[in-house]
Q: 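I'd like to ask some things about the structure below.
Source: prediction; values computed, not measured.
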Amino acid sequence: MKDTDIKRLLYTHLLCICSIILSIFIPSFFLENFSILETHLTWLCICSVSVTAVNLVLYLVVKPNASSKRSSLSFKVTRFVKCCVYFLMSCFTFHVIFVLYGAPLIELVLETFLFAVTLSTFTTVPCLCLLGPNIKAWLRVFSRNGVTSVWENSLQITTISSFVGAWLGAFPIPLDWERPWQVWPISCTLGATFGYVAGLFISPLWIYWNRKQLTYKNN
């Protein structure tokens, strides 16, 4: 394992973290009364677009899984369409899961769906950027000892931490604290965001700390 790969991973993650920070502060200069709590749905849209755009640009520049095979225009268009379909399927799947776990079925539909979009942005988008619309590759990466690079190892950590953050964010909702951030799905989206950011911080450090023990199989 090369230290340069870990450094590239760290710089990439720092830029992703910056995209979230900018999504909090930059819109306040252009939108009146903008804040995470008061205009939460607006912030979810801005955050999702910002993180997605940064992920796309970074993976196009860094190219962790660069390949010269099947680089025709038709293949790229087909791949892009498949990625869009996978992302939409991920959003609807998360939406259904949230409803099954107690989210309002009829009320707050937009809030629930935007939460699903945000969680898909933190989990599905990096998978699509790194692995493409390849279910077999996804299953391999998230299976035991299935990763083949530091990027895939990091993908495991950031995805799991996003899910854990969203799950932990649901705990304060039923409590009678009567705080504004307990309204669905604010605490869950904040938990997912903190989990994603924590994963971005932790994964390069964890990989660097355990670099001597980590071995990756060739693709």
Side-chain angles (χ1 to χ4, degrees), residues 7-31 34-36 39-67 71 73 75-95 110-111 113-134 137-138 141 149-152 154-159 161-163 165-166 185-186 188-201 203-204:
K7 289 181 180 179
R8 290 167 64 200
L9 180 68
L10 176 61
Y11 295 149
T12 301
H13 284 193
L14 289 177
L15 289 174
C16 289
I17 294 172
C18 287
S19 69
I20 295 179
I21 296 174
L22 292 176
S23 73
I24 298 174
F25 295 104
I26 295 297
S28 61
F29 293 104
F30 304 97
L31 301 176
F34 176 84
S35 70
I36 293 180
T39 55
H40 189 65
L41 298 186
T42 303
W43 176 73
L44 287 182
C45 296
I46 295 174
C47 181
S48 298
V49 171
S50 177
V51 172
T52 300
V54 170
N55 269 279
L56 289 173
V57 172
L58 288 175
Y59 280 103
L60 286 174
V61 173
V62 177
K63 296 181 180 179
N65 282 344
S67 176
S71 58
L73 178 60
F75 173 76
K76 292 179 179 179
V77 171
T78 302
R79 182 185 176 91
F80 176 77
V81 172
K82 286 184 178 180
C83 288
C84 293
V85 171
Y86 274 50
F87 179 75
L88 290 175
M89 289 174 59
S90 171
C91 294
F92 285 113
T93 300
F94 285 145
H95 185 100
L110 180 59
E111 286 82 351
F113 184 72
L114 287 180
F115 174 34
V117 171
T118 303
L119 189 59
S120 295
T121 301
F122 295 153
T123 58
T124 306
V125 168
C127 289
L128 290 171
C129 290
L130 183 63
L131 306 174
N134 187 342
W138 293 24
V141 168
S149 67
V150 295
W151 299 93
E152 294 180 355
S154 174
L155 187 62
Q156 281 186 333
I157 297 172
T158 54
T159 300
S161 62
S162 299
F163 285 130
I186 294 178
C188 290
T189 55
L190 293 179
T193 304
F194 283 125
Y196 177 65
V197 171
L200 292 174
F201 266 121
S203 56

Q: Closest approach of T123 and L119, non-hydrogen atoms and distance?
A: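 Closest approach of T123 to L119, heavy atoms only: OG1-O, 2.7 Å.
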
Q: Check whether S28 reaches the backbone of F25 with its side chain - one donor and one acceptor, N or O, closer than 3.5 Å.
A: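 Here the side-chain-to-backbone pair exists.
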
Q: Got a sec, which residues hit side-chain contact (heavy atoms from CB on, under 4.5 Å) with S35, two or more places apart in sequence or on another chain?
A: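 side-chain contact (heavy atoms from CB on, under 4.5 Å) list for S35, sorted by chain: E38.
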
Q: Using atom types as modelled and distance alone, determine if a side-chain donor or acceptor of T189 lies under 3.5 Å from a backbone N or O of I186.
A: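 Such a contact is found between T189 side chain and I186 backbone.
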
Q: So do L114 and H40 actually touch side chain to side chain, heavy atoms under 4.5 Å?
A: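 Counting from C-beta outward, H40 and L114 never come under 4.5 Å.
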
Q: Mark yes or no for whether S23, through its side chain, and I46, through its backbone, hold a donor-acceptor pair below 3.5 Å.
A: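 Looks like no, no N/O pair under 3.5 Å.
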
Q: What residues, two or more places apart in sequence or in another chain, satisfy ring pair (Phe, Tyr, Trp, His ring centres under 6.0 Å) together with F194?
A: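 Testing F194 for ring pair (Phe, Tyr, Trp, His ring centres under 6.0 Å), a comparison that skips the adjacent residues, returns none.
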
Q: Main chain of W151, side chain of S154: is a donor-acceptor contact present, judged purely on distance under 3.5 Å?
A: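 No, S154 side chain to W151 backbone: no donor-acceptor pair under 3.5 Å.
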
Q: Flag the pair L15 / V57 as yes when at least one side-chain heavy-atom distance between them is below 4.5 Å, and no otherwise.
A: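 When only atoms from C-beta onward are counted, V57 and L15 do not touch, as no gap falls below 4.5 Å.
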
Q: Between E111 and L41, is there a donor-acceptor pair closer than 3.5 Å when you use the side chain of the first and the backbone of the second?
A: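 A pair under 3.5 Å: no.
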
Q: Is there a side-chain contact between L58 and C16, using heavy atoms and a 4.5 Å cut-off?
A: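 Yes, at least one pair of side-chain atoms sits under 4.5 Å.
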
Q: Which pair of non-hydrogen atoms, one from L155 and one from P126, has the smallest distance, and what is that distance?
A: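 Closest approach of L155 to P126: CD1-CB, 3.5 Å.
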
Q: Should T39 and L31 count as side-chain neighbours, where that means a heavy-atom distance under 4.5 Å?
A: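 No, too far: nothing below the 4.5 Å cut-off.
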
Q: Do C129 and L56 have side chains that approach each other closer than 4.5 Å (heavy atoms only, starting at C-beta)?
A: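 In short, these two side chains touch, coming nearer than 4.5 Å.
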
Q: Can I20 and T193 be said to form a side chain to side chain contact (heavy atoms under 4.5 Å, CB included), step by step?
A: CA-CA 8 Å; I20 295 179; T193 304; 3.9 Å; yes

Q: Below 4.5 Å, heavy atoms only, C-beta onward: do V125 and V51 meet side chain to side chain?
A: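 The answer is no; the side chains never approach within 4.5 Å.
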
Q: Name each donor-acceptor pair under 3.5 Å that joins a side chain in residues 77-92 to protein atoms two or more places apart or in another chain, with its distance.
A:
from	atom 1	to	atom 2	distance (Å)
T78	OG1	S74	O	2.8
S90	OG	S120	OG	2.9
S90	OG	T124	OG1	2.6

Q: Tell me whether S161 contacts the main-chain N or O of G195 through its side chain, where contact means a donor paired with an acceptor under 3.5 Å.
A: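 At least one qualifying donor-acceptor pair exists.
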
Q: Side-chain contact test, heavy atoms from C-beta onward, threshold under 4.5 Å: evaluate it for L128 versus W138 and give yes or no.
A: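 Yes, at least one pair of side-chain atoms sits under 4.5 Å.
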
